[in-house]
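Worth knowing before you read on, the calculation uses all heavy atoms, side chains too, and leaves out hydrogens, waters and symmetry mates. Along the sequence shown, the residues carry numbers beginning at 1.
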Amino acid sequence: MFLIRSANNPIITRKDIPSVLPHLIDVSSVFNPGAVKIDDKYLLIIRVQNRGRETLLLKAESSDGEHFNISQNPIHFDGIESVKEKIFHIYDVRITKLGNIYYLVYAMDMEFGCRLGLASTKDFSDYKFMGIISNDDSRNGVLFPERIDGKYLMYERPNLFSLENGPKTGSAIYLSESIDLVNWRKCGPVLEGRFHYWDEFIGSGPPPIKTKSGWLNIYHGVATHFASSNIYQAGVFLSDLNNPQKIIARSKYNILEPRELYELTGQVANVVFPTGAIVEEYDSSGFAKPESEIKIYYGAADTCVCMCTSTIGEIISAAYQ
Ligand code: BMA
């Protein structure tokens, strides 16, 4: 297989989370990380669940992408107090750099359902809450790393269905656009789930990666037609560089599925859930090089953080298989 799991998997487990009163004592799980590389440093924002089933976000840093030092201080978004409704959980961060600023898009579980939230940071020390950016129930928001025709773009996945024994989900990824990053308008559907196959319900994984073959998108698909289990896998699609609502190619097969024990069993069994990707080499025009390594970070069984590697070229060719 062209995706190679790290020999150090799972690269972060609950045992790596520092014990800090009052929230971080003997936590239950850590998963679904956002990822970015800044100069030579790999940085993850990890989702930690404590034994009160509260969710905390922590920063993790590494010089090799596999061994991480984890911060002791849960992230706080300055200005989030302005939201009057109760926020239960903030989770599944996706990180995109636009200009000199890093943007974090995440899911917010609230009284009236799930919304997408946006925060910005320049240094991963201070974070500014920018607002709720989905008009309705939505998850898996990924911001594009550049504007197209002067507009900010995002893929998001409206939550329109409820899985049996599972969370609300959806079977279509939509393109949305904005001129100010805070107010968004849906342009229309991009990718639909394929019922009876591996990707019945779908959602974006890491933010889109710019390649000469199009926007490279890793997404998750859920197969629900098995007794008592929803199987979360990962696949790939390419979309048009100038019009990301247009699909160029889509993998018929998943590129990653639960096979190792740490993916097959845990808090939620049979889950690989990619949320971060690091491209090691871009050309001078900002395209990911086909021969570049890509590190894909994913949550396994909603219990631990894992990583696998491939090349950009291999992932692109998977979209045509
Ligand atoms: C999805 C989200 C993810 C989670 C996955 C598997 O719907 O809730 O955060 O990892 O289910 O439980």
Side-chain angles (χ1 to χ4, degrees), residues 1-5 31-32 92 94 107 137-142 155-175 188-209 211 213-240 244-266 268-275 277 294 296-302 306 308 310 313-321:
M1 192 56 187
F2 59 91
L3 276 183
I4 300 162
R5 286 174 174 82
F31 51 110
N32 298 3
D92 293 4
R94 271 59 165 218
D137 212 292
S138 200
R139 245 197 332 264
N140 303 305
V142 292
Y155 286 145
E156 62 174 301
R157 202 285 318 284
N159 296 322
L160 300 174
F161 300 94
S162 279
L163 288 183
E164 206 175 320
N165 298 321
K168 281 189 87 179
T169 183
S171 63
I173 293 172
Y174 277 67
L175 182 71
V190 178
L191 197 80
E192 309 268 354
R194 293 179 286 205
F195 285 93
H196 307 286
Y197 296 103
W198 76 266
D199 50 354
E200 300 185 282
F201 294 98
I202 56 174
S204 288
I209 296 165
T211 77
S213 309
W215 291 107
L216 178 61
N217 302 280
I218 295 165
Y219 71 105
H220 68 262
V222 191
T224 62
H225 48 278
F226 297 93
S228 80
S229 187
N230 299 315
I231 305 176
Y232 282 73
Q233 307 132 82
V236 51
F237 72 94
L238 286 167
S239 50
D240 189 277
Q245 214 178 320
K246 198 172 134 208
I247 301 299
I248 299 172
R250 177 185 192 173
S251 60
K252 179 176 172 192
Y253 305 101
N254 75 43
I255 59 168
L256 186 69
E257 64 179 14
R259 287 194 179 174
E260 299 294 329
L261 207 52
Y262 49 79
E263 299 161 344
L264 295 165
T265 176
V268 182
N270 292 312
V271 175
V272 296
F273 198 85
T275 36
I294 175 173
I296 300 172
Y297 292 91
Y298 62 100
D302 283 7
C306 291
C308 61
S310 187
E314 296 256 35
I315 307 259
I316 290 173
S317 49
Y320 290 93
Q321 284 161 17

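Between the side chain of W198 and the main chain of K252, a donor-acceptor pair closer than 3.5 Å is present. With hydrogens and angles ignored, the 3.5 Å screen pairs no side-chain donor or acceptor of R139 with any backbone N or O of D92. A donor-acceptor pair is defined here as one N or O able to donate and one able to accept, closer than 3.5 Å; such a pair exists between the side chain of E200 and the backbone of T224. Judged purely by atom type and a 3.5 angstrom limit, S310 uses its side chain to pair as donor or acceptor with the backbone of F2. A donor-acceptor pair is defined here as one N or O able to donate and one able to accept, closer than 3.5 Å; such a pair exists between the side chain of Y155 and the backbone of P244. Listed for the S229 side chain is no donor-acceptor partner under 3.5 Å among the backbone atoms of I231.
Contact detail for S239 and N217: the closest heavy-atom pair is OG-ND2, 3.2 Å. Here the closest non-hydrogen pair linking Y197 and H225 is O-CE1, 3.2 Å. Nearest approach of R259 to L264, heavy atoms of both residues: O-CD1, 3.1 Å. Residues H220 and P274 share a closest heavy-atom pair of CB-CD, 4.4 Å. Summarising the geometry of E263 relative to E257, their closest heavy-atom pair is OE1-O, 3.6 Å, with the distance given to 0.1 Å. Closest non-hydrogen pair, E156 versus P158, comes out as O-CD, 3.6 Å.
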(message) side chain to side chain contact (heavy atoms under 4.5 Å, CB included) for I296 and I315? Distances and angles first, verdict last.
(response) CA-CA 11 Å; I296 300 172; I315 307 259; 4.0 Å; yes

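Rounding to the nearest 0.5 Å gives a distance of 9.0 Å between SG of C306 and CD of E260. Rounding to the nearest 0.5 angstrom, the gap separating the CG atom in L160 from the OG atom in S138 is 8.5 Å. For the atom pair D199 CG and S251 OG, the distance stands at 7.0 Å (nearest 0.5 Å). Put simply, CG on N140 and CG on N159 are 7.5 Å apart, with the number rounded to the nearest 0.5 Å. Here the CD atom belonging to E314 is positioned 10.5 Å from the CD1 atom belonging to I255, to the nearest 0.5 angstrom.
N230 pairs in a side chain to side chain contact (heavy atoms under 4.5 Å, CB included) with only one of the listed residues (V268, V222, V271), which is V222. Evaluated for a side chain to side chain contact (heavy atoms under 4.5 Å, CB included) with L238, the options I209, I248, I247 yield exactly one hit, I248. The only member of V272, L256, I4 that meets side chain to side chain contact (heavy atoms under 4.5 Å, CB included) when paired with C308 is L256.
Note on ring orientation: taking the six-membered ring where Trp is involved, the planes of F237 and Y219 are perpendicular (angle over 60°, cut-offs 30° and 60°).
Aromatic rings from F195 and F201 are positioned such that their centres are separated by under 6.0 Å.
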Could you tabulate the donor-acceptor pairs under 3.5 Å formed by side-chain atoms of residues 166-173, not counting sequence neighbours?
unit_1 : atom_1 : unit_2 : atom_2 : d
T169   : OG1    : R157   : NH1    : 3.4

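When side chains are defined from C-beta on, L216 counts as touching I316, because their heavy atoms get closer than 4.5 Å.
Atom OH of Y253 has 12 or fewer heavy atoms from other residues, nucleotides or ligands within 6.0 Å.
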